[in-house]
Amino acid sequence: MKPNQSLAIRNKKKSTNKCKSFFRYLRDKKVLFFMLIPGLAVMLVNSYMPMFGIVLAFKNLDNYGNIFGGKWIWFDNFKYLFGSSQAYYITRNTLLYNIVFILIGSTIAVILAIALSEILNRKLAKFYQSVFFLPYFLSWVVVSYLVFSILSSDMGALNNLLKSLGLEPINWYVSPKFWPGILISVNTWKWTGYDCVIYLAAIVGIDKSYYEAAAVDGASRFQQIRKVTIPMLVPLVIILTLMKIGRIFYTDMGLFYTVPRNMGILYKATSTIDTYVYRALSQTGDLGMAAAAGFYQAVLGFILVMTFNTIVRRIDKESALF
Amino acid sequence: MMKKRLASATQISQSANIVLNAIMIILAAACLYPLLLVFAVSITDESVIQTAGYNLIPGKVTLNAYAFIFKDATMILRAYGVSIFITVVGSILSLIIISMYAYPLSRRDFRYKSFFTFIVFFTMLFNGGLVPFYMVYTNVLHLKNTLFAMILMWLFTPFYVLIMRTFYTTTIPSSVMESARIDGAGEFKIYVRIVLPLAKPALATIALFNILFYWNDWYAPLLFITDEKLYNLQYLMYRIENNISFITQNAGSMSNTSDALKNIPAQTARMAMAIIAIGPIMLAYPFFQRYFVKGLTVGAVKG
């Protein structure tokens, strides 16, 4: 009788063991758990509660009620969204702009970083770097002012120049065809200095003896750049590019919303998923379509991040997100 | 001799150096040109702007635009106040929350660290989108038209948590914590007295990123603020830019004379606003820049 009983108790103990040990651990390390609480609370509000809100995409939100209210309409929001011509433009713009940004941005940043690292006068190089980095510190609103001072149709510096050259001034803010070029230039202007700093740090970290060995073998400085610097930068370029690809369905509201001054006539060239969602939410009141577009963006983004994380892991385990 | 020859073989030639410098000067000018243009417009007389447009060389220098803005500066000063408040409170709170959350994740002996790390990771992977986020803020928490909405939105950046955690794990030896524990220090005391002082460089980096982010934020007020009194500086500028008549309307209601309306330097005043908003960043720039470069090289390369 006795041994049996003890066995039963032991079994019972085993099943509650995990739970019990968690609570004992919680008590032991209560300070550490306590430190997590504020962060968890903010994440709950900013990230996890909205995550459960994705069901809104499948509901009728006309009455603007709460998350729990509203009638289920399943895929009707998506039907409307993809039935409109907008779905095509916003997806195309989001993807194409990001692809161009990645290609142009990293190419220019790498070239600039190499060039800066080669300049003989280090003080001058530092000065250039500081100037290139400056646009990163300005808010998008300030940038939109700067762009306006150049592009304003009646007073802008660019039209002044065109007039003084005897050319017709251009109404930049009503001509969509110019905006891909403008947005790409502005984005490059704002970000190149930032990316450049990262690449410059990697170049500085390259062991000098590689160059010396190459020089002994008779390589010119240009050959050294081609055979030493660039190959050493490739892993970093790949990692940073992959990280950007993971965010390819997301765009900067500042660039696409404030810089074109939310001009309706430019939407075909400037509207992206993010600006569409914001406008649908705040201006047109198409809550259902905004929620559907947000869901579409989040799901595609998630798939992409997972895919590219797997690829990054294959290339360089250290750089993978998880 | 050998060393010297090698040095010259691992450097570019003098002529290449001159070409590179020339290119860099052009690029630097392209970076600075818009800023200089806005500054030049802000000190140009309005009548010159009306006829000649925006030019880098002000035809007639005047500080009228600044005088106009500061004649009735309540709106701008209030916006400045809001910006400073949000930046200070937001950056400090954010730093405390991030550094506290990252610490247990860095502890090798903390059994649930991978679980709590994953909770952070997952917010980087997936989100509910803008509409549910907006609904949580407005319908569940009722944060519309509160300063707290602007603070809460950027309080917890997952990427900074990861940088912080990496910094703790790589720079703070567990033996130091161990010996403190033997001396009878509690967990929290170890964190405050030993871990935080050692983590100063990472804390400074994240603090700077936070400061810049809060100072430059216009998106949170765009979403949640409709009350003019709660506009921060960036959003006030956004409103002015979006609605050219904003300044004129306000000035009109203040002076009640149609005559005053004609004399309002609308163009130059807007650009003066931009200069006023850029000012603090420019003053702090040399200091900021140094730490940012350090932080970027630590954080971005090794997240």
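Convention: sequence-line order gives letters A, B, ...; per-chain numbering from 1.
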- [ ] Indicate the ring-plane relationship of A:Phe133 and B:Phe292, choosing parallel, tilted or perpendicular according to the 30° and 60° boundaries.
- [x] perpendicular
- [ ] Heavy-atom distances under 4.5 Å only: say whether B:Phe110 touches chain A with side chain, backbone, both or neither.
- [x] both
Open item on the list: What part of B:Ala102 gets within 4.5 angstrom of chain A, counting heavy atoms only: side chain, backbone, both, or neither?
Closed with: neither
Open item on the list: Under 4.5 Å from any heavy atom of chain A, what part of B:Phe126 do you find: side chain, backbone, both or neither?
Closed with: both
Task: Heavy-atom contact with chain B under 4.5 Å, split by part of A:Ile37 - done: neither
- [ ] In sequence, state the C-alpha distance, the side-chain angles, and the governing distance for B:Trp218 and A:Met253, and then conclude on side chain to side chain contact (heavy atoms under 4.5 Å, CB included).
- [x] CA-CA 10 Å; B:Trp218 56 277; A:Met253 274 286 286; 4.0 Å; yes
- [ ] Could you pull out the closest heavy-atom pair between A:Met155 and B:Gln50, with the gap in Å?
- [x] CE-OE1, 4.0 Å
Task: Side chain to side chain, B:Leu222 and A:Tyr257, heavy atoms closer than 4.5 Å - done: yes
Open item on the list: Heavy-atom pairs under 4.5 Å with chain B: which of A:Gly156, A:Ser47, A:Ala298, A:Gly193 has the most?
Closed with: A:Ala298
TODO: Let me know if B:Tyr33 has heavy atoms under 4.5 Å from chain A in its side chain, its backbone, both or neither.
DONE: side chain
Task: Close side-chain approach of A:Val45 and B:Tyr137, heavy atoms under 4.5 Å - done: yes
Open item on the list: I need the minimum non-hydrogen distance between A:Gly39 and B:Tyr101, along with the two atoms involved.
Closed with: CA-CD1, 3.9 Å
Task: Separation of B:Gln11 CD from A:Ile119 CD1 (nearest 0.5 Å) - done: 12.5 Å
Task: Note, B:Leu152 side chain near A:Val42 side chain (heavy atom, < 4.5 Å) - done: yes
Open item on the list: Which atoms of B:Met282 are under 4.5 Å from chain A, going by heavy atoms: the side chain, the backbone, both sets, or neither?
Closed with: side chain
Task: Sub-4.5 Å side-chain heavy-atom contact between A:Leu32 and B:Tyr191 - done: no
Open item on the list: Which one wins on heavy-atom pair count under 4.5 Å against chain B: A:Gln224, A:Met43, A:Lys30?
Closed with: A:Met43
Task: Top contributor to chain B interface from A:Val141, A:Val197, A:Asn121 [non-hydrogen pairs under 4.5 Å] - done: A:Val141
Open item on the list: Need one label for B:Asn17: side chain, backbone, both or neither, based on atoms under 4.5 Å from any heavy atom in chain A.
Closed with: side chain
Task: Engaged part of B:Ile119 at the chain A interface, taking heavy atoms whose separation is under 4.5 Å - done: both
Task: Closest-packed option against chain B by number of heavy-atom pairs under 4.5 Å, given A:Leu40, A:Asn46, A:Asn159, A:Val31 - done: A:Asn46
TODO: Begin from the C-alpha positions of A:Tyr145 and B:Ile240 and carry the test side chain to side chain contact (heavy atoms under 4.5 Å, CB included) through to its verdict.
DONE: CA-CA 10 Å; A:Tyr145 271 61; B:Ile240 291 171; 3.8 Å; yes
TODO: Taking all heavy atoms of B:Pro34 and all of A:Trp189, pick out the closest pair and write down the distance.
DONE: CG-CZ2, 3.9 Å
Open item on the list: Is B:Leu56 close to chain A through its backbone or its side chain, or both, or neither, when contacts mean heavy atoms under 4.5 Å?
Closed with: neither
Open item on the list: Do B:Gln289 and A:Leu134 have side chains that approach each other closer than 4.5 Å (heavy atoms only, starting at C-beta)?
Closed with: no
Open item on the list: Below 4.5 Å, heavy-atom pairs only: which of B:Thr117, B:Leu93, B:Ile97 has the largest tally toward chain A?
Closed with: B:Ile97
Open item on the list: Looking at every non-hydrogen atom in both residues, tell me the closest pair between B:Ala28 and A:Phe132 and how far apart they are.
Closed with: N-CE2, 3.5 Å
TODO: To the nearest 0.5 Å, tell me how far A:Leu26 CG sits from B:Arg111 CZ.
DONE: 11.0 Å
Open item on the list: Return the CG to CG distance between B:Leu105 and A:Leu36, rounded to the nearest 0.5 Å.
Closed with: 6.5 Å
Task: Proximal component of B:Tyr219, with respect to chain A [non-hydrogen, under 4.5 Å] - done: side chain
Open item on the list: Measuring from atom OG1 of B:Thr123 to atom CG of A:Leu44, what distance do you get when rounded to the nearest 0.5 angstrom?
Closed with: 12.0 Å
TODO: Provide the closest heavy-atom pair for A:Pro50 versus B:Pro132 in the form atom of the first, atom of the second, distance.
DONE: O-CB, 3.3 Å
Task: Best-contacting candidate, B:Cys31, B:Ser99, B:Gly129, against chain A by heavy atom pairs under 4.5 angstrom - done: B:Cys31
- [ ] Let me know if A:Ser282 has heavy atoms under 4.5 Å from chain B in its side chain, its backbone, both or neither.
- [x] neither
Open item on the list: Let me confirm one number: the CD1-CZ distance from B:Ile25 to A:Phe127, rounded to the nearest 0.5 Å.
Closed with: 8.5 Å
- [ ] Determine whether A:Lys29 and B:Tyr112 make a side-chain contact, defined as any pair of heavy atoms from C-beta on separated by less than 4.5 Å.
- [x] no
Task: Any side-chain heavy-atom pair of B:Thr10 and A:Arg221 under 4.5 Å - done: yes
Open item on the list: With a 4.5 angstrom heavy-atom cut-off, is it the side chain or the backbone of B:Arg107 that approaches chain A, or both, or neither?
Closed with: side chain
TODO: Name the member of B:Val41, B:Leu32, B:Leu35, B:Leu155 that forms the most heavy-atom pairs with chain A at distances under 4.5 Å.
DONE: B:Leu35
- [ ] Step by step, work out the side chain to side chain contact (heavy atoms under 4.5 Å, CB included) result for B:Met24 and A:Val131.
- [x] CA-CA 10 Å; B:Met24 291 298 157; A:Val131 174; over 6 Å; no
- [ ] Check step by step if ring-ring contact (aromatic ring centres under 6.0 Å, His included) holds for A:Phe34 and B:Phe188.
- [x] CA-CA 10 Å; A:Phe34 215 74; B:Phe188 199 70; 8.7 Å; no
Open item on the list: What part of B:Val161 gets within 4.5 angstrom of chain A, counting heavy atoms only: side chain, backbone, both, or neither?
Closed with: neither
Open item on the list: At a 4.5 Å cut-off on heavy atoms, which part of B:Tyr285 comes close to chain A: side chain, backbone, both, or neither?
Closed with: side chain
Open item on the list: Looking at B:Phe39, I'd like to know if its CZ atom is crowded, meaning that more than 12 non-hydrogen atoms belonging to other residues, nucleotides or ligands lie closer than 6.0 Å.
Closed with: no
Open item on the list: Classify the ring geometry of A:Tyr48 against B:Phe122: parallel below 30°, tilted from 30° to 60°, perpendicular beyond 60°.
Closed with: parallel
Open item on the list: Can you tell me which portion of A:Thr192 sits under 4.5 Å from chain B's heavy atoms? Options are side chain, backbone, both or neither.
Closed with: neither
Task: Stepwise side chain to side chain contact (heavy atoms under 4.5 Å, CB included) check, A:Phe302 with B:Asn127 - done: CA-CA 9 Å; A:Phe302 180 70; B:Asn127 66 75; over 6 Å; no
Task: A:Asn160 portion near chain B, given a 4.5 angstrom heavy-atom threshold - done: side chain
Open item on the list: I want to check something: taking the side chain as every heavy atom from C-beta on, are B:Leu27 and A:Leu112 in contact at a cut-off of under 4.5 Å?
Closed with: yes
Task: Top contributor to chain A contacts, counting heavy-atom pairs under 4.5 Å, from B:Ile23, B:Asn21, B:Asp217 - done: B:Asn21
- [ ] Side chain from CB out, backbone as N, CA, C, O: work out which of these in B:Leu212 comes under 4.5 Å of a heavy atom of chain A, or both, or neither.
- [x] side chain
Task: Contacting moiety of B:Ala16, where chain A heavy atoms sit under 4.5 Å - done: neither
Task: Contact origin within A:Leu116 toward chain B - heavy atom pairs under 4.5 Å - done: both
TODO: Pick one of side chain, backbone, both or neither for A:Tyr25, based on which atoms fall under 4.5 Å of a heavy atom in chain B.
DONE: side chain
Task: Under 4.5 Å from a heavy atom of chain B, the part of A:Tyr250 involved - done: side chain
